[in-house]
Amino acid sequence: MELRKLVAGNWKMHGLASDIDEIRGIAAASRQYAGVDVALCLPAVLIERAVRAVPDFPIGAQDVHQAEFGAHTGSVSARMLHDAGASLTIVGHSERREAQRESDPEVRAKAEAALSCDLGVILCVGESEEVRAAGRAVQTVRAQLEASLPGQVDDAARLAIAYEPIWAIGTGKVPTTTEIGEMHAALRGCLRRAFGEAGARIRILYGGSVKPSNAAEIFSVGDVDGALVGGASLKAADFIPIVAAAAAPVT
Ligand code: 13P
């Protein structure tokens, strides 16, 4: 099934008030590509300012706490993100799974908390280089997804999965199209088993060193329904060609 593609930028720990003009530029240029969903996931403190600057453009967060409120110093709840104007959030990024030791059940709880507050979710999974070298990439990522998926999804368009091999993030290394296709097909199988027909409508994004030069090839792979872009999302000059590649008909 051909799904409307989603190209989301993950700004990670980049972005100051002086970058709002760049966000304006990305939002304005994205409007030319009406067939593609585009979003930027920003540092929490920049969300409200960005939403004011580009009110019609989806702005997201990069993480959310699973609790509704309470004694969680430094954390931000789904309701707070929604209140700030965010419309989506990333959960389970490998940088958080590693540095903050986030577990699959925690990622699942975060996804459920976000969905219940009307936020879209981009749920990340991906294997390490050692796991890939050992030939266990597909089974590992499948298990990770099964353990991280929210129990229920009322609207398939609100959930996206991002397959991000850890070894491809920020390294310039990218899996072959065969490897991406094999992984995305396996993840599609998981989603169908978990959610039936709705599982066919949940987008599966690829992330890891996506650039203007490789985006079209990646988007031509079956079951690649968009991209989660790190470094190349910081500047419109790099990000918009990736959006354009997602808009182009697959040949
Ligand atoms: P890069 O595009 O910089 O490799 O980052 C990918 C990523 O981690 C997006 O979430």
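No hydrogens, no waters, no symmetry mates; every other heavy atom, side chains included, goes into these values. Each residue takes its place number in the sequence, starting with 1. Both counts, for ligands and for their atoms, begin at 1 and track the order of listing.
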**Student:** Who gets closest to atom 5 (O) of ligand 1 by heavy atom: K211, H93, E164, K12?
**Tutor:** K12
**Student:** Quick check: do Y33 and V38 have side-chain heavy atoms less than 4.5 Å from each other?
**Tutor:** no
**Student:** Closest heavy-atom contact between I161 and V125?
**Tutor:** CG2-CG2, 4.1 Å
**Student:** Look only at interatomic distance and state if V229 has a nitrogen or oxygen under 3.5 Å from any nitrogen or oxygen of ligand 1.
**Tutor:** no
**Student:** Hydrophobic cluster mates of M13, side-chain heavy atoms under 4.5 angstrom, ILVMFWY only, any path?
**Tutor:** none
**Student:** Who passes salt bridge (Lys or Arg N to Asp or Glu O under 4.0 Å) against R192, sequence neighbours left out?
**Tutor:** none
**Student:** Going by an N to O cut-off under 4.0 Å, is there a salt bridge joining K235 and D238?
**Tutor:** no
**Student:** Less than 4.0 Å is my threshold; does some heavy atom of S209 fall inside it relative to ligand 1?
**Tutor:** yes
**Student:** Which ligand 1 atoms does G208 reach within 4.0 Å, using its non-hydrogen atoms?
**Tutor:** 4 (O), 6 (C)
**Student:** What protein heavy atom sits nearest atom 3 (O) of ligand 1, and how far off is it?
**Tutor:** G231 N, 2.8 Å
**Student:** Look only at the side chain of R132 and the backbone of A137, and say whether a donor-acceptor pair between them is shorter than 3.5 Å.
**Tutor:** no
**Student:** Out of G172, G170, G230, whose heavy atom sits nearest atom 2 (O) of ligand 1?
**Tutor:** G230
**Student:** I'd like to check which ligand 1 atoms, numbered from 1 as shown, lie under 4.0 Å from a non-hydrogen atom of L228.
**Tutor:** 9 (C), 10 (O)
**Student:** Any N or O of N10 that comes nearer than 3.5 Å to an N or O of ligand 1?
**Tutor:** yes
